[in-house]
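Just so it is clear, the model here is predicted, and its values are computed rather than measured.
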Amino acid sequence: MKAYQPARGTRDLYGDEILAQKFVTDGMHHVAHCYGYGEIITPIFEFTEVFARGMGEVTDVVSKEMYTFNDRGGESITLRPEGTAGAARALVSNGLAQDLPLKVYYIGPMFRYERPQKGRYRQFYQAGVELFGVDTPNADVEVIALANSFLKKVGVKGKITLEINSLGDVESREEYKKALLEYFKGYEENLSEDSKRRLHTNPLRILDSKEECDKVICENAPKMNDYLNEFSKNFFDEVLKGLDALEIEYKVNSKLVRGLDYYRHTVFEFITDELGSQGTVLAGGRYDDLVSELGGPKITGVGFASGVDRLALLLKETPNKQRPVAVIPLNDEYKYQALKIADDLRAEGVFVDMAFNGNVGKRFKKANKANAFKAIVVGGDEFDRGNVVIKDLDSGNQKEVSIKEISKEI
RNA sequence: GCGGGUGUAGCUCAGUUGGUUAGAGCGCCAGUUUGUGGUUCUGGAUGCCGUGAGUUCGAAUCUCAUCACUCGCCCCA
């Protein structure tokens with residue numbers, strides 16, 4: 001029979017890898033809790049329209065990367081490609097706008113039909129937060145601070161830098177787009193093929209093109225910053241001041257833009273130099289119209305999403321595994337007594353490893369392989385006296401201990 | 001969707017100009033050890049050489065296709 005492989009871009013998580021993923025998600029649970037964010041679990045699939053409306057019809061994610069299918073009832077269903085739209089929809093569906101601000105975080109799989117690479121999968125995991133209903137810059141600051149704490153907590157190796165920019169409000173953005181379009185049209189001939197296309201789809205994108213010919217042209221392109229209106233400018237300044245106050249280092253990158261249509265004002269990315277072109281490890285920003293697009297009231301939001309798989313790849317070392325206590329019957333005669341002792345310890349919350357077979361020597365070997373730090377030997381004269389032998393597997397020392405005292409001795 | 005690289009044991013890889021029974025290290029199992037592990041020592045199992053076709057007397061080796069992985073582009077976390 002043919003051995004099956006997982007479908008392209010998917011993989012099985014187990015062993016050390018899942019420990020790394022769990023370390024990342026545990027960090028998220030912990031940090032989000034400290035900032036007062038509650039967990040939200042939204043469905044893994046939604047009506048296609050939720051994502052199409054929320055993210056913008058022309059974005060690449062919507063137009064060519066979604067896992068979309070018709071269910072048996074004929075509804076167009078899409079596996080969620082990101083978390084924000086679903087969270088916004090949940091807010092609307094459940095009337096959560098009654099009690100603002102709403103602070104939520106989520107952790108779970110997302111799906112995009114893309115060519116897989118290192119740190120990029122078709123089923124991948126994101127951990128993100130959303131803060132709804134605060135339209136002042138301190139919301140942006142809090143979310144970025146949370147992101148910063150989260151990355152610190154996870155303790156990833158390599159250099160991670162925060163880049164930040166403002167896209168301004170709708171008015172500023174439109175002004176800027178116009179100026180940019182005009183500028184690039186003068187150089188259309190010299191733009192890369194990709195950028196010629198972007199000129200019509202998303203001119204802002206040209207700014208962070210990796211093509212040399214585009215970079216040269218972008219040197220003298222109009223700067224977003226010069227097109228921010230008074231309000232947008234003040235907003236951005238306030239955000240930066242907040243970051244200064246928190247001593248969070250950042251780099252203003254006027255060429256930083258985002259792929260999804262809903263972003264306004266603040267956009268930011270935490271980038272590592274260790275993952276090649278998949279260097280973005282956490283990214284987010286402010287969005288103003290997403291909730292109303294989905295049929296809710298006009299509520300603003302700020303949030304970010306982080307790539308759990310990418311962060312797991314960056315961990316300095318695999319998190320320490322807890323070491324078990326091994327319970328070893330001296331011979332078959334004592335197997336039930338040993339089992340009872342193991343079970344009692346487990347009931348007390350002790351991590352107990354017990355081999356399923358083998359003589360004493362074999363069981364010690366297995367205990368060693370399981371990286372046990374103590375072995376409890378059950379049987380013989382000692383057992384008749386109501387005792388067991390506890391051996392420290394690191395030092396090799398062992399002593400006789402009353403069965404009742406076992407949990408005190410380990 | 002586009003371009004480059006790679007597919008040999010569970011893992012990391014070697015395999016000469018095509019030549020008959022395909023190798024190493026690690027890991028795994030067993031013995032050394034029927035009241036005591038980690039180090040040794042000895043033995044053992046494991047491969048449709050990614051898959052399919054072609055060239056050839058003969059293919060892990062050459063050609064094509066296909067699938068998967070990987071690196072970059074697009075895009076994105």
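Across the strands present, B:rG44 finds its partner in B:rC28; the criterion is a Watson-Crick or G-U wobble pair with both atom distances under 3.5 angstrom. B:rA9 is unpaired under the criterion used here, namely a Watson-Crick or G-U wobble arrangement in which both key atom distances are under 3.5 Å. For B:rC49, there is no paired nucleotide, since no Watson-Crick or G-U wobble pair has both relevant distances below 3.5 Å. In this structure, B:rC73 forms a base pair with B:rG1, meeting either the Watson-Crick or the G-U wobble geometry with both donor-acceptor distances under 3.5 Å. B:rG35 is unpaired under the Watson-Crick or G-U wobble criterion, no partner having all donor-acceptor distances under 3.5 Å. Shown here, B:rG19 forms a base pair with B:rC57; the pair counts as Watson-Crick or G-U wobble because both key distances fall under 3.5 Å.
Note on A:Glu82: nothing from the nucleic acid sits closer than 4.0 angstrom, heavy atoms only. Within the 4.0 angstrom heavy-atom criterion, no nucleotide atom of any strand lies near A:Gly83. Looking at heavy-atom distances under 4.0 Å, A:Arg363 makes no contact with the nucleic acid at all. Here A:Lys366 lies out of heavy-atom contact (under 4.0 Å) with every strand. Within the 4.0 angstrom heavy-atom criterion, no nucleotide atom of any strand lies near A:Gly128. Heavy atoms of A:Tyr121 sit under 4.0 angstrom from at least one base atom. Contacts of A:Ala305 with the nucleic acid, taken as non-hydrogen atoms under 4.0 Å apart, involve only primed sugar atoms and P, OP1 or OP2. Base engagement by A:Glu114 is indicated by at least one non-hydrogen atom pair under 4.0 Å involving a base atom. Within the nucleic acid shown, A:Asp394 comes within 4.0 Å of at least one base atom, counting heavy atoms only. Counting any heavy atom pair closer than 4.0 Å across all strands shown, A:Leu330 reaches a base atom. If you check every strand for non-hydrogen atoms under 4.0 Å, A:Gly119 touches a base.
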- request: Applying salt bridge (Lys or Arg N to Asp or Glu O under 4.0 Å), run through A:Lys241 and A:Asp237 and close with a yes or a no.
  value: CA-CA 6 Å; A:Lys241 263 189 232 164; A:Asp237 286 345; over 6 Å; no
message: Between A:Val239 and A:Arg286, does the side chain to side chain contact (heavy atoms under 4.5 Å, CB included) criterion hold? Intermediate values first, please.
response: CA-CA 11 Å; A:Val239 173; A:Arg286 169 172 284 276; over 6 Å; no
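In terms of position on RNA chain B, the residue among A:Asp381 and A:Lys365 whose nearest nucleotide sits closer to the 5' end is A:Lys365. Residue-to-nucleotide proximity on RNA chain B shows that, of A:Thr280 and A:Lys391, the 5′-proximal contact is made by A:Lys391.
Residue A:Arg8 places at least one side-chain N or O under 4.0 Å from the OP1 or OP2 atom of B:rC69. An OP1 or OP2 oxygen of B:rU36 is reached within less than 4.0 angstrom by no side-chain nitrogen or oxygen of A:Lys362.
Look at the C1' atom in both B:rA9 and B:rA22: the space between them is 11 Å, to the nearest Å. As rounded to the nearest Å, B:rC49 and B:rG35 have P atoms that lie 46 Å from one another. Using atom C1' as the reference point in both B:rU66 and B:rG7, the two lie 13 Å apart (nearest Å). Separation of the C1' atoms belonging to B:rA59 and B:rG54 is 11 Å when rounded to the nearest angstrom. Comparing B:rA24 with B:rU42, their P atoms are spaced 14 Å from each other, to the whole Å. Separation of the C1' atoms belonging to B:rG5 and B:rA77 is 26 Å when rounded to the nearest angstrom.
Of the candidate nucleotides B:rA77, B:rG37, B:rC73, B:rC73 has the atom nearest to the side chain of A:Gln117.
Between A:Leu313 atom CG and B:rU70 atom P the separation is 10 Å, expressed in whole Å.
For the 3.5 Å distance criterion, the side chains of A:Tyr35 and A:Ser149 qualify, holding a donor opposite an acceptor. Residues A:Lys335 and A:Asn357 have side chains that never bring a donor and an acceptor to within less than 3.5 angstrom of each other.
Checked against the 6.0 Å centroid criterion, the rings of A:His29 and A:Tyr105 qualify as a close aromatic pair.
Under the 6.0 Å distance and 45° angle rule, A:Arg323 does not count as a cation-pi partner of A:Phe351.
When each of A:Asp169, A:Asp289, A:Asp288 is paired with A:Arg264, the salt bridge (charged side-chain N to carboxylate O under 4.0 Å, His left out) condition holds for A:Asp289 and for no other.
Put simply, the side chain of A:Glu382 and the base of B:rG35 share a donor and an acceptor less than 3.5 Å apart.
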